[in-house]
Amino acid sequence: MQLCDLSAVEIRDKILSKKTSAVEVLESCLERINQVDGCPGSIDSRPETKEDAEKVHAFITLTEDSAREQAQSVDKMIADGDDPGPLAGIPATIKDVFCVKGTPSTIGSRILANFISPYTATPVERMRLAGAVLLGKVNLDEFTYGSSTESSAFQPSTRNPWDTSRVPGGSSGGSTASVAAGEAPLSLGTDTAGSIRQPAAFCGVVGLKPTYGRVSRYGLIAFGSSLDCPGPMARNAKDTALLLRTIAGPDKRDATGANLPVPDYLALLEKEIKGKRIGLSPDYFQITFPNLETSEYIQQPVPAEIMDATMKAAEIYRQLGAEIIEDVPMPNTRYGIPVYFVISRVEAASNLHRFDGVKYGHRTENEISDLRSLYRRSRGEGFGLQPKLRILMGMYVSAAQYSEQYYRRALQARTLIRRDFEQAFDPNGKYKLDALLTPTTPTTAFPMKDVYGDSVIMQYADQLTVPANHAGVPGISFPGGLDSNGLPIGVQLLGPDFSEGLLLQLTHAYEKATEDANWRLERPAVLREA
Amino acid sequence: MAEYEAVIGLETHIQLNTHSKIFCSCKADSWEDPANTNICPVCTGLPGVLPVLNERVVEKAILLAEAMHAQVQPISYFDRKNYFYPDLPKGYQISQFDQPIAVGGQIDLPIPETADPDGKGYVRSVRIHKLHIEEDAGKTKNARNQRLVDFNRCGVPLVEMVTEPDLRTADEAAQYLIRLRQLLRWLGISEADMEKGNLRCDGNVSIRLKGSNVLNQKTEIKNVNSIDSLRDAIRKEIDRQIREVEKGNEIHPWTLDWDEDTGELRKMRSKETEADYRYFREPDLLPLRVSSDWKKEILKDFPERPLDRRQRFADQYDLPMYDADILTLERGLADYFEETVTAYKGDPKKVSNWLMNDVLRMINDDHLEPLEMRLTPVFLSEILQLVDSATINITTGKNLLEIVQDTGKAPAQIVDEQELAQVTDDVQIREMCLKIIAANPEEADDFRGGKESLIGWFVGQVMRESRGKADAKMAKDVLFELLKK
């Protein structure tokens, strides 16, 4: 056990009690990174080596020097008797979707590869003010458009620390891989359809998508503005609670933020869960996806191992005194992905308009004859396949002659999805749920290149996570065992608006109840060999 | 030739005079500031930034809506208008589309005799279609081989106000702008200076046979930067359309660019295919809710509208419409007038005369704010009273205006200190008259010989002797009496 393998809370307490220093912790993390991460993602393509295939490649930009300065400053504050803040000396990675002043903020795209942000995103600023030591920016799907991190323009893309032949999930794949591999105990990511929870499930860590508006979006390069949620990833519920507490809360720079006080999530963790009503829904135990040849929809149950993990979690909660409510109908779940296809792409296409080669980012070096060709060439060269596909689709479904048929209908269906949750959580309704327990993903981590290239099927990886984004409600994914390949399985809890405290509490209770389970002793492959 | 009438609708963009921009805290007014000096990550559309609505913009928009008798919507929405242009850093403009801040409304424009072919003057009612809030774009300019962008104007708050096609002549269109400009300044919500671009106007023009109700194909006139240009441009466009129709040609839906230098309209682009802006709700802003309490708070000191006040001045103070019009050109002047009338208690027309003949000249010459003058309404009323009571004569009274304005002293005090009081003492005047007659025996003889017109010259001499203070009428009577002896 190295310093870098300790939890965030343990690290902070050791630093504050001077049993170790922030610099020592940082050095431990840097050593781990050196050991397992391999070369950082880059837009300069080169052939992949055998060694590359065994490394994690979480990072795009490692900011070692500024991290060392931050760690030294934390140590100095402690020496001077000052309080460095609740994240004192805790190393953290930042998904490269956030703008951080003075660092490349690339969103995993060639079009912003040279963009150095002149300002810092609110959640990152809050982490820094709380004393966190920021290690750098980690890889993601280009513009967060994906579920495997493979679509990043910065290659090699991140690999799963449990099996480097597999994807870490995405789009926050760099974040969850860095946490799973012990490169940092905390990471900040974003979730638009499952981009925190799905890679958390694949990498065996905890990831929380907060209620929409709970954490400021200021400085997060937008994908689907009405769906995007920044959120924490960590190795356990307590660390997740610590980071959420730091980044949550109103921000005068985000008009869609919630003006509600932030509870002390850590203090809530140990509360009794007796009497809590936890629901199970058959609509989350099957997946629906299109057969691309026949356009027919195929329904398939979630694989048995994943079902079992979810049912085991239900059993644990029952033993802890919770009431398990079965057969809660969530009938509109199956519209989640089609609705998402429309809404997220309309917003994405519009959000991508600003990348035009005029002000910042990639500008074509080819001869151009006029303004239009400057736009076309710069965007054509700068955007990868995913942004291009999403622009095409977004422009199509928002065109005047189609918008009624697609966009308006999608908005209506979104309202229905929200209604499913309102009815399930209604304290005066039939089910009166405190939370809904579901699998996080329909599969465990899939092999690299297996799904990549099939944009539709890739999207269906988010089927069980995306409804929470449509509804705006919070969700958490936590490790619930390993499958027969030794890959982590994620279990998800969804709750009503602003129920993050309860979701963390339930996760913490599950962790305590399973702390002696055999699967908890297993470590990611990259650490076993080390 | 058949008789045609024009059908004109105007689309105005009004730059609100808020201190900061609509979605960030940058200074809104960049007039004469160097390029790209009032900008930040938000108004230049850097990756990751979000807009936050400046509530002052909503307040000013609601003041305008109220003034136009428009209905403020309790809930309205912001939408993205998507298009590419280098002066639009986000690639979309945040605007309002199908649910704007206010709808409906009306203004009754008094059309003066000079703009009425019948020479009588009339009222034209113009309905307002809608008012919406939006952000301005930046500016581009060409410099040698380069195209430069200035983002200072990005995010400057605008209200777009659109009329129904209710105007019928170029003069009416000009009157609409004149009255709108007056109103905006009256409410203090815009500098409304067309030359500086804080009031911009596009005109939609079509023609039809007089008496018909159809709406024919229209053209759109852009880039007019003064009221006179708008009038000229519309006149020329009406004439052109009539010529085309008379020749049997069709009117095409062109956008026409006004060239200020040549005074001509030029075809900018044909508008056969409408651009698709792919409007959708701006997800970064909440729906705009205007509660009745907020609205009440915004409108609690809502002033009487200028045209209403003009009518009231005419009715209540029995002023000619000409006077009422001038006195209500600016709110400060109208307030000044009413405060003076209240303090004076005499004939309002007399106040109006003094204001329009003398005080207004002082205001205009020195660019004064009426209510900030040292010549306060109370002091002006005192001067009028001094004249009325014959304490001073009119000449002294008019001289006092400047002295009070220069010194800030009360008129009565100045009269005392400088002994300006009118000499009305019979003995004093008689002495002065005797002295003047004695000193000018030849003129006295001429007078007595029948040249009675010399009386004016004698009065002048007495006034000079008295340093202007003698009661001229009394002096004249005494002179007649003495010379006729």
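All chains are named by letter (A, B, ...) in the order of the sequence lines, taking the proteins before the strands, and each is independently numbered beginning at 1.
Top candidate by heavy-atom pairs under 4.5 Å with chain B, chosen from Val346(A), Val358(A), Val97(A), Thr122(A), is Val346(A). For the set Gly91(B), Pro86(B), Pro47(B), the entry with the most heavy-atom pairs within less than 4.5 Å of chain A is Pro47(B). Residue with the most contacts toward chain B among Ala400(A), Ser105(A), Ser226(A): Ala400(A) (heavy-atom pairs, distance under 4.5 Å). Here Ser350(A) is the residue among Ala222(A), Ser350(A), Ala255(A), Ala399(A) with the most heavy-atom pairs under 4.5 Å with chain B.
Separation of atoms OH (Tyr279(B)) and OH (Tyr407(A)) is listed at 15.0 Å; rounding is to 0.5 Å. Note that SG of Cys24(B) is 9.5 Å distant from CZ of Arg253(A), once rounded to the nearest 0.5 Å. Rounded to the nearest 0.5 angstrom, Leu50(B) CG and Thr256(A) OG1 are separated by 6.5 Å. To the nearest 0.5 Å, atoms CG (Leu411(A)) and CZ (Phe280(B)) are separated by 10.0 Å. Considering OG of Ser398(A) and CG of Asp276(B), their distance stands at 7.0 Å, rounded to 0.5 Å.
With a 6.0 Å radius and a threshold of 12 heavy atoms from other residues, nucleotides or ligands, Lys252(A) has its NZ atom at or below the threshold.
In this structure, Arg354(A) contributes its side chain and Leu46(B) its backbone to a donor-acceptor pair below 3.5 Å. Using modelled atom types, one side-chain atom of Arg278(B) and one backbone atom of Met395(A) make a donor-acceptor pair closer than 3.5 Å. A donor-acceptor contact shorter than 3.5 Å links the side chain of Lys359(A) to the backbone of Pro89(B).
In this structure, the portions of Arg217(A) lying under 4.5 Å from any heavy atom of chain B include both its backbone and its side chain. If you measure heavy-atom distances from Leu374(A) to chain B, you find no contacts under 4.5 Å at all. Both the backbone and the side chain of Tyr218(A) come within contact range of chain B, each with at least one heavy atom under 4.5 Å from a heavy atom of that chain. Proximity to chain A is absent for every atom of Phe23(B), based on heavy atoms less than 4.5 angstrom apart. Heavy atoms of Ile107(A) lying under 4.5 Å from chain B are absent altogether. With a threshold of 4.5 angstrom between heavy atoms, Asn351(A) approaches chain B through its backbone and through its side chain. For Phe223(A), no part lies under 4.5 angstrom from a heavy atom of chain B.
Shown here for Asp98(B) and Arg408(A), the closest heavy-atom pair between the two residues is OD2-NH2, 4.1 Å. Minimum heavy-atom separation, Phe84(B) to His353(A): CZ-CD2, 3.1 Å.
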